[in-house]
4 protein chains.
Amino acid sequence: MIPERITSEGIAHHSYLVGSGGEAVVIDPRRDIGVYLEMAGRNDLRITRVFETHRNEDYVIGSLELARATGATVHHGAALPFAYGEPVRDGDRFRVGSLEIRVLETPGHTEESISLAVSETESPKRALAVFTGDALFAGDTGRTDFFPGREEEMGGTLYDSLHRKIFPLGDDVILCPAHGSGSVCGVNIADRDLSTLGYERAVNPQLRHDRKAFIADKVAEKHHTPAYFRQMERYNLQGPPPLPPHRFLPPLPVDRVKELAAAGAWLLDIRLPTSFAGGHIPGSLNLWRQGMAAFAGYYLTYDQPVVIIDEFNLQLEPVHRQLLRLGFDRVAGYLAGGFFAWAKAGEPIRRAGTLSVHELKGRLGDPSVYLLDVRDRSNFDRFGHLPGAHNVYVGELPPVIPTIPREKEILTFCDAGYKSSIAASLLLREGFDRVSTVLGSMAAWRAAGFPVER
Amino acid sequence: MIPERITSEGIAHHSYLVGSGGEAVVIDPRRDIGVYLEMAGRNDLRITRVFETHRNEDYVIGSLELARATGATVHHGAALPFAYGEPVRDGDRFRVGSLEIRVLETPGHTEESISLAVSETESPKRALAVFTGDALFAGDTGRTDFFPGREEEMGGTLYDSLHRKIFPLGDDVILCPAHGSGSVCGVNIADRDLSTLGYERAVNPQLRHDRKAFIADKVAEKHHTPAYFRQMERYNLQGPPPLPPHRFLPPLPVDRVKELAAAGAWLLDIRLPTSFAGGHIPGSLNLWRQGMAAFAGYYLTYDQPVVIIDEFNLQLEPVHRQLLRLGFDRVAGYLAGGFFAWAKAGEPIRRAGTLSVHELKGRLGDPSVYLLDVRDRSNFDRFGHLPGAHNVYVGELPPVIPTIPREKEILTFCDAGYKSSIAASLLLREGFDRVSTVLGSMAAWRAAGFPVER
Amino acid sequence: MIPERITSEGIAHHSYLVGSGGEAVVIDPRRDIGVYLEMAGRNDLRITRVFETHRNEDYVIGSLELARATGATVHHGAALPFAYGEPVRDGDRFRVGSLEIRVLETPGHTEESISLAVSETESPKRALAVFTGDALFAGDTGRTDFFPGREEEMGGTLYDSLHRKIFPLGDDVILCPAHGSGSVCGVNIADRDLSTLGYERAVNPQLRHDRKAFIADKVAEKHHTPAYFRQMERYNLQGPPPLPPHRFLPPLPVDRVKELAAAGAWLLDIRLPTSFAGGHIPGSLNLWRQGMAAFAGYYLTYDQPVVIIDEFNLQLEPVHRQLLRLGFDRVAGYLAGGFFAWAKAGEPIRRAGTLSVHELKGRLGDPSVYLLDVRDRSNFDRFGHLPGAHNVYVGELPPVIPTIPREKEILTFCDAGYKSSIAASLLLREGFDRVSTVLGSMAAWRAAGFPVER
Amino acid sequence: MIPERITSEGIAHHSYLVGSGGEAVVIDPRRDIGVYLEMAGRNDLRITRVFETHRNEDYVIGSLELARATGATVHHGAALPFAYGEPVRDGDRFRVGSLEIRVLETPGHTEESISLAVSETESPKRALAVFTGDALFAGDTGRTDFFPGREEEMGGTLYDSLHRKIFPLGDDVILCPAHGSGSVCGVNIADRDLSTLGYERAVNPQLRHDRKAFIADKVAEKHHTPAYFRQMERYNLQGPPPLPPHRFLPPLPVDRVKELAAAGAWLLDIRLPTSFAGGHIPGSLNLWRQGMAAFAGYYLTYDQPVVIIDEFNLQLEPVHRQLLRLGFDRVAGYLAGGFFAWAKAGEPIRRAGTLSVHELKGRLGDPSVYLLDVRDRSNFDRFGHLPGAHNVYVGELPPVIPTIPREKEILTFCDAGYKSSIAASLLLREGFDRVSTVLGSMAAWRAAGFPVER
């Protein structure tokens with residue numbers, strides 16, 4: 001059992017359980033800890049230690065939950081004044097059955113970042129695997145932009161951590177990073193779930209450079225920082241509040257949803273852009289279910305409850321969990337009966353438009369149209385864009401809305417047609433009334449063989 | 001364990017497992033028999049007999065599946081020449097642990113219909129419960145329209161079965177019917193899941209009349225008979241084919257879906273009308289997932305495979321099962337990635353319109369509009385309708401489509417806005433191009449306090 | 001959905017969820033309330049009220065858990081000063097969608113006992129079902145021995161409640177009692193899960209008598225009162241403590257189990273008597289898993305933690321839940337690896353003997369043998385016993401142990417060979433060293449056709 | 001998703017699903033293929049190819065099941081005349097989304113053995129992982145004893161496959177073997193679930209030698225070959241029969257179990273040795289549930305049905321599946337009510353003795369005792385043994401039974417006390433009547449600090 005990976009979808013976060021000889025440690029646990037308890041129980045393992053590779057910014061850490069449930073000790077790097085747990089330092093060693101875990105201080109992403117090398121006690125000199133946290137990913141390295149003004153310094157620090165601490169473990173060491181493809185903690189994390197240090201050294205584009213070029217690369221990277229990161233940083237330094245004891249999501253009748261909405265609650269419409277276009281509750285934010293973890297933190301606020309609006313109310317629990325992992329504990333419930341309950345109640349309904357890329361092609365150049373491309377800048381640049389497109393990243397749209405011409409018909413566009421509907425819903429909330437989403441967006445545009453500009 | 005009810009949603013079909021002393025019988029099993037096997041296994045019961053209260057018309061009977069899996073004997077009424085099983089006759093008795101099951105011949109719905117009275121062997125003279133099949137429901141009685149020209153005779157026969165066979169069991173006997181609310185096997189089955197003979201005699205409107213009035217009532221009833229009933233009758237007389245061994249629903253890439261569609265496959269869009277309106281594959285039939293069992297049998301044919309189109313591909317297994325229960329064994333799979341995979345592939349997309357009832361109100365009287373109300377006639381009459389509405393029941397729409405004016409904008413309307421989208425999709429398939437669905441339909445119209453005509 | 005029954009095995013406790021029109025009430029909920037929340041959620045129902053038919057003695061009531069999770073109001077009878085909730089009185093009516101619930105005060109089992117009649121608002125004069133709490137069961141009536149010295153009075157009170165309040169609802173009303181077969185809240189509850197008032201009036205032996213004979217019958221009844229009832233009474237009057245938030249059962253290594261045992265923890269061996277006989281941890285109490293809810297409350301104490309000892313550690317969660325339902329919140333965990341981990345650690349092992357009834361037959365009359373029959377007195381009398389058997393009910397054994405001759409070989413005997421191993425383990429704990437259990441006991445003796453005395 | 005490992009417990013068999021870009025291949029599937037279908041479906045992958053690394057000897061291959069369910073093509077090495085599928089040859093390449101799979105012919109374990117190197121198409125020259133089948137394991141290499149008389153040749157062939165084909169892929173390549181710790185396909189497979197070629201080259205003891213020493217090592221290895229291997233070889237060459245369609249395990253009443261036993265059925269007692277000792281059905285074979293896959297194939301035969309005897313009948317499905325994976329398709333069911341149903345029926349019961357190691361110590365040297373140590377020879381030699389112990393491997397016991405002295409008390413002994421009860425049950429079946437099992441056996445003996453001989 002070396003190691004068992006547990007992935008939290010959406011934020012593409014990997015945590016790990018490493019067990020041997022009746023004992024286990026967990027690395028970077030999430031807040032809903034049932035999966036670790038169950039995995040440990042099924043294998044007759046007691047969880048004795050929790051390691052945090054760094055103070056995570058993108059989710060609520062579950063160390064204290066796990067400590068409360070199991071009595072485990074929590075450890076993190078020594079370079080931050082955590083309000084809980086015990087610091088560890090370079091070279092510290094911990095025995096877990098027939099395994100040994102050794103701490104490597106690997107700053108760069110943050111100052112207190114650590115990596116954990118695991119070896120078998122029969123071959124103590126050789127590491128079998130290394131948990132690199134946000135220092136090294138498959139195909140990428142950790143972002144180094146969290147210390148404004150110190151970008152070069154942190155880039156160099158990360159370079160040194162990689163080359164002096166991690167790579168010397170050996171090419172044949174298995175890489176266990178804290179994130180997979182899709183995380184905002186890297187720019188371009190690769191899709192492979194397994195890798196080794198040697199494989200990364202050979203194919204990871206960031207590792208081909210010398211120190212200077214590496215630093216230049218890191219400084220040039222563009223990252224997004226959703227608003228909720230600040231809350232996560234506070235939580236994960238001080239120790240987050242416990243998960244609400246009853247995580248039951250109650251069905252809410254139409255009247256109750258209206259009351260909540262009137263009092264300022266977020267109406268979170270988790271349906272696809274087509275559904276949202278066909279009819280939705282005025283004022284709702286359209287954020288499709290799988291995009292929840294990645295995008296909710298840009299818009300939702302901690303001061304207002306959230307009401308989930310779905311189609312058939314299937315599998316809302318995973319949606320709820322994604323919100324809880326971002327610390328959104330005030331989910332009031334879901335609209336009983338889904339959107340159709342609203343329609344059947346004779347309540348007002350709003351719509352958005354949709355276009356296929358074929359229809360979009362016919363509208364290009366039309367002066368009454370404003371094409372709003374909400375992809376991130378790097379995709380906009382790298383893969384090209386349509387003539388006349390205005391680019392604002394979807395996560396940064398709200399403050400920019402006042403600059404968008406209200407008199408035009410707004411066509412929202414993105415990578416595949418999901419984020420464009422977030423944008424459409426944000427515009428509709430602000431009173432725009434002719435907003436359409438391009439279904440399939442760039443993916444469809446390219447599949448149709450239409451030309452792009454660069 | 002007297003009795004355990006197993007309900008198949010959609011067709012609102014109740015089957016029952018009655019177990020005692022290590023033995024069990026199953027009454028009117030469905031074809032996916034896992035639920036009976038598991039329930040029996042969990043309670044250490046061997047299933048030894050299967051009873052069919054009548055040759056069912058609305059689903060594939062599971063008797064032979066169960067017989068193959070357990071060695072149980074199958075029994076039905078003697079008045080039809082079933083190709084399998086053993087006939088039983090009025091007064092036959094069967095012991096099941098400390099229970100006794102007695103056969104009552106109760107024709108009327110069909111000629112070979114039986115009911116089964118169950119009593120405890122300690123009190124053999126008193127029935128505890130009775131399985132009435134389609135003779136008696138909560139709030140209703142079975143339809144008697146299956147023998148054209150013999151409606152009066154069958155109505156009288158059913159009256160006699162009720163009054164001479166079933167009610168003499170006693171008012172305190174628990175009623176276990178073969179259908180609950182929502183089945184097309186009754187007109188107006190009540191929502192209560194439990195009842196007794198006495199309670200029905202007191203409140204069931206069909207039981208207040210004398211024989212003559214009862215017959216008149218039954219003859220006047222209007223029933224729907226979906227096309228697939230004929231296949232069910234064949235199957236359930238001859239013995240249906242076994243369930244396909246691998247009931248795995250494969251994901252199909254866009255190209256494969258296009259091939260299948262080109263070869264005539266049904267594209268079954270199980271999303272809600274809003275989604276369908278926001279964008280759909282040209283030629284698809286929109287039938288929301290919970291309506292599957294009740295409506296698929298009006299349109300789908302047994303000669304062509306079915307491809308399921310969904311939003312997020314959540315919980316397709318129940319949809320698949322509903323189709324299998326109606327004998328639609330040729331489900332080729334589902335569109336991998338859902339409708340958005342189609343959009344991202346740059347394929348053509350079609351849309352429908354939607355209206356709220358407030359918007360509909362503004363369009364009434366507009367001569368360019370054709371308001372197509374697809375509720376069944378009795379709802380149309382009983383609850384009233386909008387001025388100028390044209391009524392065709394959704395199940396009977398296909399042959400009537402040529403009579404609908406193509407030059408007008410068609411507004412489809414129904415009870416709550418689901419069936420209206422079936423109608424919209426049928427019209428769009430036939431080349432209509434301005435079709436809109438009224439979201440919420442009659443439910444919303446009434447909730448908004450708008451007036452109706454009668 | 002009228003009504004949905006939720007049964008807690010072991011104590012054979014029935015709770016009910018009654019839902020209609022988006023709303024639901026729960027009657028006599030247990031403490032682990034997930035089942036109600038899930039059932040309500042799946043049906044888009046909000047739980048608005050909780051009714052307690054009486055202050056339960058045999059399990060921790062879940063009303064407050066449910067109130068905390070849903071905001072529901074809690075109601076009980078007015079004749080006890082509950083520290084929480086709102087009293088209801090005879091004739092109070094509550095609307096739940098299209099249903100009405102009417103309160104009947106039906107004292108007898110306890111003074112504040114109520115029953116709840118449910119009717120459809122379309123037929124408000126007729127009850128459809130009645131929740132009788134512990135007043136009326138299938139085949140039995142509630143015990144009336146909780147008020148020492150007032151047995152006759154309470155018997156008469158119960159008679160009046162039945163005949164003046166409950167039966168006048170009508171013979172065709174469905175009976176929904178708070179307990180099924182196996183509960184200590186009745187003497188002889190029948191195995192049928194469904195019944196009606198009329199059926200009970202006809203076959204329930206307690207209902208055949210006039211008032212005087214009924215009272216005499218009730219006064220003559222012999223009931224068992226496990227020690228834990230007192231804790232339940234306290235809890236259920238004052239409001240019990242919340243369920244522990246993390247109900248995770250941790251695996252414990254051998255050393256930790258030894259420490260806990262040394263400090264006084266209960267070692268609860270949930271294996272069958274054969275396993276216990278083949279080898280067990282010295283000092284453990286053998287109580288097979290399905291007997292947990294019915295027998296744990298006689299022996300376990302609230303001041304000491306409990307350690308579960310199993311064979312393969314399969315499905316311990318239901319065992320844990322049974323203990324939690326009785327208020328035993330201090331379950332420390334289970335022996336990791338099961339009993340064999342203990343054996344493999346080279347720890348001391350103890351054994352018991354086993355006998356078949358054929359071997360027992362050969363030992364009858366042997367003066368070195370002491371046959372201890374731990375069935376309850378009524379079974380001992382009613383079904384007869386073996387020559388020379390000494391009868392002490394297993395629940396009352398501990399104080400009687402000093403009177404049992406240590407110099408003899410003790411053969412423990414019961415109904416089927418489970419309780420006899422509880423007795424064997426209690427004796428072994430007290431230092432007896434020749435103790436054997438008769439496998440199959442009375443059931444086997446009778447199956448073998450051996451004679452009994454009366 | 002590179003790669004997803006699916007482990008079949010007991011035989012410690014690893015199969016793999018490798019998916020990319022909507023497509024997947026499966027390597028060495030087991031017969032119960034639901035896990036692959038579900039995993040593929042959940043990730044929108046079509047399974048297009050199945051690879052068999054070699055003709056497996058220890059389980060029924062699931063290639064044809066998977067081909068029937070998905071239409072996938074089956075591939076194996078070219079050096080055996082398989083009756084199904086298509087041969088592949090060294091250097092053949094297959095594209096799966098953005099991955100490429102390359103065939104390496106790696107004979108040695110069998111002649112047609114292949115390995116499969118997987119690389120990303122972006123870095124086609126570098127392998128990321130390699131599926132080595134039974135050529136290379138963590139800590140071990142595949143057995144080479146299947147060709148009597150050709151042991152040296154096959155050892156050399158395997159050496160060449162490893163050193164000329166597999167290791168040249170690079171130290172940083174992830175190792176994906178077909179077996180983990182506990183399989184009889186290796187002698188000493190390590191407990192680590194993940195490894196790399198470089199790590200193995202450094203720590204795997206078999207890889208430290210030159211060609212000659214490697215061959216000498218392989219020739220000297222002692223392997224066990226359970227009787228069922230022959231059936232697996234037939235099945236896996238010709239194509240095995242399909243899995244029985246209804247894999248429902250029926251509860252069997254005592255009378256039916258007696259009939260089956262009388263007709264020669266195997267009574268397979270899956271309880272622990274303590275339970276078996278405390279009481280069992282005469283003639284039953286005691287093989288604890290987790291040992292099923294590893295040991296059933298030594299004793300069970302394909303010509304007789306199997307009846308499972310358990311304690312509480314919990315989780316029998318995994319036991320059933322283990323039997324099906326070995327091709328034992330004739331599992332008639334399980335004793336309803338478990339062993340206690342047998343006891344309650346008054347049927348004859350047999351017992352075995354148990355001893356702790358402390359008790360065993362007191363018996364050593366007693367001439368009336370025969371200590372039968374059923375560990376395999378290598379454990380007997382490597383870890384030492386007790387004075388006077390007679391060693392016969394449990395898998396090879398049946399033919400040796402006639403040489404064991406019936407007049408003595410037989411004490412069975414093994415590694416931890418499980419296999420010793422298989423041996424005890426085999427002896428009891430042959431009419432021995434004083435047989436006892438040493439609980440904990442060697443593990444307990446060593447834990448107690450008692451001395452061993454070598």
Side-chain angles (χ1 to χ4, degrees), chain C residues 254 269-280 288-290 310-316 318-319 337-361 415-418 421 436-450, chain D residues 254 269-280 288-290 310-316 318-319 337-361 415-418 421 436-450:
Chain C
V254 168
D269 187 325
I270 67 169
R271 303 175 302 156
L272 274 186
T274 31
S275 308
F276 184 78
H280 61 264
W288 84 109
R289 54 170 61 223
Q290 286 94 343
D310 192 18
E311 193 113 271
F312 292 106
N313 291 328
L314 298 172
Q315 296 182 17
L316 298 183
V319 175
F339 172 72
F340 255 56
W342 183 268
K344 282 186 273 187
E347 297 292 337
I349 290 167
R350 204 147 178 199
R351 277 181 297 275
T354 63
L355 287 87
S356 70
V357 288
H358 306 277
E359 290 163 318
L360 171 63
K361 192 144 174 282
D415 296 289
Y418 301 93
S421 192
S436 291
T437 299
V438 181
L439 299 175
S441 282
M442 197 64 185
W445 186 264
R446 289 161 62 160
F450 297 155
Chain D
V254 168
D269 187 325
I270 66 169
R271 303 175 302 156
L272 275 186
T274 33
S275 308
F276 183 78
H280 62 263
W288 83 109
R289 54 169 62 220
Q290 286 94 343
D310 192 18
E311 193 112 271
F312 292 106
N313 291 329
L314 298 173
Q315 295 182 17
L316 297 184
V319 175
F339 171 73
F340 255 56
W342 183 268
K344 283 187 273 187
E347 297 294 337
I349 289 168
R350 202 148 180 199
R351 276 181 296 276
T354 62
L355 287 87
S356 70
V357 289
H358 306 277
E359 291 162 319
L360 171 63
K361 191 143 176 281
D415 296 289
Y418 300 93
S421 193
S436 292
T437 298
V438 181
L439 299 174
S441 283
M442 197 64 186
W445 186 265
R446 287 161 63 160
F450 296 156

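Each chain gets a letter, A, B and so on, in the order its sequence line appears, and its residues count up from 1.
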Residue, of D/Ser356, D/Ala447, D/Ser275, D/Gly346, that accumulates the most heavy atom pairs under 4.5 Å with chain C: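 Option with the greatest count: D/Ser275.
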
Largest heavy-atom contact set with chain D, pairs under 4.5 Å, which of [options]:
{"options": "C/Ile349, C/Leu314, C/Leu355", "value": "C/Leu314"}
{"options": "C/Gly279, C/Ala448, C/Ser441, C/Gly449", "value": "C/Gly279"}
{"options": "C/Ala443, C/Ala352, C/Ala345", "value": "C/Ala443"}
{"options": "C/Arg351, C/Gln290, C/Glu347", "value": "C/Arg351"}

Is [X] in contact with chain C via its backbone, its side chain, both, or neither, using a 4.5 Å heavy-atom distance?
{"X": "D/Ala416", "answer": "both"}
{"X": "D/Glu359", "answer": "side chain"}
{"X": "D/Leu360", "answer": "neither"}
{"X": "D/Phe450", "answer": "neither"}

Within the 4.5 Å heavy-atom criterion, are D/Leu316 and D/Arg289 side-chain neighbours or not?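 They are in contact (side-chain heavy atoms under 4.5 Å apart), so the answer is yes.
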
How far apart are the closest heavy atoms of [X] and [Y], and which atoms are they?
{"X": "C/Phe312", "Y": "D/Leu272", "value": "CZ-CG, 3.5 Å"}
{"X": "C/Thr354", "Y": "C/Ala277", "value": "CG2-CB, 3.3 Å"}
{"X": "C/Ala343", "Y": "D/Ala444", "value": "O-CB, 3.1 Å"}

Residues in ring-ring contact (aromatic ring centres under 6.0 Å, His included) contact with C/Tyr418, at least two apart in sequence or another chain: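 Checked C/Tyr418 against ring-ring contact (aromatic ring centres under 6.0 Å, His included); matches are C/Trp288, D/Phe340.
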
Not counting sequence neighbours, which residues clear salt bridge (Lys or Arg N to Asp or Glu O under 4.0 Å) with D/Arg446? List them please.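 Checked D/Arg446 against salt bridge (Lys or Arg N to Asp or Glu O under 4.0 Å); zero matches.
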
Do side-chain atoms of D/Trp342 reach the backbone of D/Pro348 as a donor and acceptor pair under 3.5 angstrom?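 Indeed, once roles are kept as given, a pair shorter than 3.5 Å links the two residues.
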
At a heavy-atom separation under 4.5 Å, does C/Phe276 approach chain D through its side chain, its backbone, both, or neither?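 Looking at C/Phe276, nothing touches chain D.
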
